[in-house]
There are 4 protein chains.
Amino acid sequence: MNAAKTSETGSRSSPRGRIDKRQAILDAAFRVFARDGYGQSCVREIADEARVAKPTVYNHLGDKETLFHEALQAAVGRTVDRSLAALDKLRGSEGDLRATLEEVGHLLLQNHCCAESQALRRLLNAEAARFPDLLNEIQSAGAQRIQNALADRLARLALAKRLNIADPEQASEQFLALLTGPMELRSRLGTRQVPDTELRSVAGAARDTFLLAYAPQGEAD
Amino acid sequence: MNAAKTSETGSRSSPRGRIDKRQAILDAAFRVFARDGYGQSCVREIADEARVAKPTVYNHLGDKETLFHEALQAAVGRTVDRSLAALDKLRGSEGDLRATLEEVGHLLLQNHCCAESQALRRLLNAEAARFPDLLNEIQSAGAQRIQNALADRLARLALAKRLNIADPEQASEQFLALLTGPMELRSRLGTRQVPDTELRSVAGAARDTFLLAYAPQGEAD
Amino acid sequence: MNAAKTSETGSRSSPRGRIDKRQAILDAAFRVFARDGYGQSCVREIADEARVAKPTVYNHLGDKETLFHEALQAAVGRTVDRSLAALDKLRGSEGDLRATLEEVGHLLLQNHCCAESQALRRLLNAEAARFPDLLNEIQSAGAQRIQNALADRLARLALAKRLNIADPEQASEQFLALLTGPMELRSRLGTRQVPDTELRSVAGAARDTFLLAYAPQGEAD
Amino acid sequence: MNAAKTSETGSRSSPRGRIDKRQAILDAAFRVFARDGYGQSCVREIADEARVAKPTVYNHLGDKETLFHEALQAAVGRTVDRSLAALDKLRGSEGDLRATLEEVGHLLLQNHCCAESQALRRLLNAEAARFPDLLNEIQSAGAQRIQNALADRLARLALAKRLNIADPEQASEQFLALLTGPMELRSRLGTRQVPDTELRSVAGAARDTFLLAYAPQGEAD
DNA sequence: AATGAATGAGATTTCATTCAT
DNA sequence: AATGAATGAAATCTCATTCAT
């Protein structure tokens, strides 16, 4: 995205011209795939969007499938990094757990609902059957990693007696489900941009239910 | 498949003949779309699968987009009916709520994870951007209807003091989220068949968390 | 060739429209392949030459390789039939053997040097490595069959004491070699049309040498 | 192959360096053309086989057609030299003519059937129509020169009364025809490697027939 | 002199759709 | 109503060739 803009400046002869061009192609590819789906996207359109000739795409990425792979992997990397950063706020067992849980939930939801993540999910869903390997790679490097990281944090909080959790994996799974589950319908499978107040409301409700179920007796509310 | 065979009998002029043939085409279309996606499916393959010549498909359904519409709407009808039937078990405010909730959750999950529902979800995700109207129709006739029906049942149970629910819409949304949210990862976006014991375990956990959050004090466990 | 012209007349709705069209495509294909070689020919040109849309070619023949196969096999059929007909003149053990041998040789040479045969040979040579199966089929159905048929005739003549031949296969091979061997150079690998007087002269020389080698003592000249 | 390695040593500025590289490219080109044909070969493959970058090929040889020209001319030079060397054995009018004829025939056949000659013939056949000038150059510098050289030797032998030949050109043509004519079928147009015993047998048969036709009365056998 | 990168042109093949029967 | 045949349009991918370094 912004890489494309960067390559505008000095795309003539900069020493990292190739990197810029490869990145520009991947960005363009993701945009086009997100807009039209894999089957309906054509390489010519991607090349045009990247301001590059068609064979250049093939020189850099090999074929359409590889292009899809790489474009999605780049995107998943970005989105997972953002979610892991949000989870960092749960480090440390002090502070207002109630507030922190809502803040983290809200950040996760924002990331879950940003245009890039939604497009990514739609593409994965669409092509899951066609590219099972890609799916496995991306899910284990993506959603699974986030769920594990959250389980780690919850386990620490359980040790610190801030939460009453027997199975951190399940608790993590359920907290994430309470956040993202409602979004499928509310965002119309990712085609509608959900307003931030709505995200905040869902995050709040998730926190409430989660704490009712997992907070120790005295701290519930 | 057998619809095609049925249409053999009396395909000449019986009023059933045309309906059968139309149905055979729609069934075949859904199977092919589910297998290959919209963009990768070709009408010839659908015609072959329906044991019909290509122009016959056009005669009956008009064009590929219409075919997609109709095939998906037929499938969504089937799947929603199954889920609504499951929700009927929540009618009446007596009986073992704990057991009923798990049973209903389990049935909903089974329906959510059957091959047809998974394919339907994949197709909708894939083509959401391309057919926004179809998406709206289907979601409001599908997931939304189920969520509403569950909210109705929960409201009745709240009235009967069996549950402590302020906002039945939200409770419904969260119960469904606790059921289906975990399936995204566990079923690998619908490409892996989740064993029934796993479904039962997820349904049990959903019920537990739901009751911890929404059961009146005395009845919690 | 003439089939194309035939299909001109009444190509609209004749009951054998398909046959005509398939034949027109095969003829056009042979012409184009002969002119440009396999690799340089493009299906579009063949379709244009056959006055047909490109996909029609694919509907009838499948792909470019199959097209090549079929076009060559049709041509080899025609040319072999002509050569076998020429060999029929050697049936019967009476008459002027000297004159008959020259006449048969001349006919074989004419067939060997006609534009179609030369193109066929050039194409086979060119693509022998690429289509070894085709080559085997065509050679055994072509040159080999002619050589066998000639060997049969020579064996009869040997039995009738008109020739002094121990090994009819070898004699047949050598008679054909004396005819066609010189043509490689004289016809510039089939790119030059050899005048008929030259063919007659080569046929005469072949007959002379053949008879000097294989005629019984008394009948030599 | 080893030419490429040789050019490693001192490829910087030695006068041999460029020649070696040019030769390596020509060798690689012949191998690739022989394997895939002109139309199916791509310059990149040639460059790879020569261990050289693509533009280097263009720097040295200009374009693909020129490359084809030069590669074939180099190959034809090698093969003709071998055949002329074989014909030298017919110099001098003494010795066992019967044995010498077979030996020479055998050598000519070996050269005719070696992989390089067969590939050369295939390529010429394939592209005869496309490169008529190349064909003329190569045939007059190749097959024609050999036929002339053999005619010279036969004329000498006729003068020395060792053979009874009125037209040395025709006798030369026929001897060569008796040798190479049978090879077309036996070698499957150059795709089958003919065993040496078979070559020897064909050479013997050619010599026998040739001598029956052209030996003076007393020396016939 | 040699090369990595880029490109315009064009190849094969497939698809949705329509005629004529 | 149902179909075999035909087609215009477009997709993926490759190739010969040229810049800029």
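The chains referred to below are lettered A, B, ... by the order of the sequence lines, with proteins before strands, and numbering in each begins at 1.
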*Is any side-chain nitrogen or oxygen of B/H60 closer than 4.0 Å to OP1 or OP2 of F/dA2?*
yes
*Could you tell me whether B/E65 and B/R130 make a salt bridge, using a distance below 4.0 angstrom between a side-chain N and a carboxylate O?*
no
*Please give, in whole Å, the distance from E/dA16 C1' to B/L61 CG?*
14 Å
*Taking CG from C/D20 and C1' from F/dA6, how many angstroms apart are they, rounded to a whole number?*
15 Å
_Between A/E45 and A/R31, does any NZ, NE, NH1 or NH2 come within less than 4.0 Å of an OD or OE carboxylate oxygen?_
no
*asked:* Could you tell me how far apart C/D36 (CG) and E/dG10 (C1') are, to the nearest whole angstrom?
replied: 15 Å
*Checking B/T56 side chain against B/V52 main chain: does a donor-acceptor pair fall under 3.5 Å?*
no
*Just checking, D/K64 and D/Y58: is the charged tip under 6.0 Å from the six-membered ring centre and within 45° of the axis?*
no
*asked:* Less than 4.5 Å apart, side chain to side chain, heavy atoms only: is that true for A/F68 and A/L123?
replied: yes
*With DNA chain E as reference, determine whether D/N59 or A/A53 sits nearer its 5' end, using the nearest nucleotide of each.*
D/N59
*Nearest-Å distance for atom pair CZ/P, residues C/R22 and F/dG4*: 17 Å
_Output the pairing pattern of DNA chain F as a dot-bracket string, 5' first, Watson-Crick or G-U wobble with both distances under 3.5 Å, | for cross-strand pairs, [ ] for crossing pairs._
.||||||||||||||||||||
_Spacing between B/L67 atom CG and E/dA16 atom C1', to the nearest angstrom_ = 12 Å
*asked:* Within the 4.0 Å limit for protein heavy atoms, which parts of nucleotides 11-18 of chain F are touched? Write it as a string from 5' to 3', B for base, S for sugar-phosphate only, - for none.
replied: SSBBBSBB
_Exercise: identify the closest heavy-atom pair between A/R122 and B/A129_ = NH2-CB, 3.7 Å
_Side chains of B/L72 and B/F131, heavy atoms from C-beta outward: is any pair under 4.5 Å?_
no
*To the nearest Å, give me how far apart CZ (B/R51) and P (F/dA2) are.*
17 Å
_Whether A/E49 and A/R35 form a salt bridge (side-chain N of Lys/Arg under 4.0 Å from carboxylate O of Asp/Glu) is what I want to check._
yes
*asked:* Is it true that C/T66 and C/D63 share a donor-acceptor pair across their side chains at a distance under 3.5 Å?
replied: yes
*Is any side-chain nitrogen or oxygen of A/T56 closer than 4.0 Å to OP1 or OP2 of E/dA5?*
no
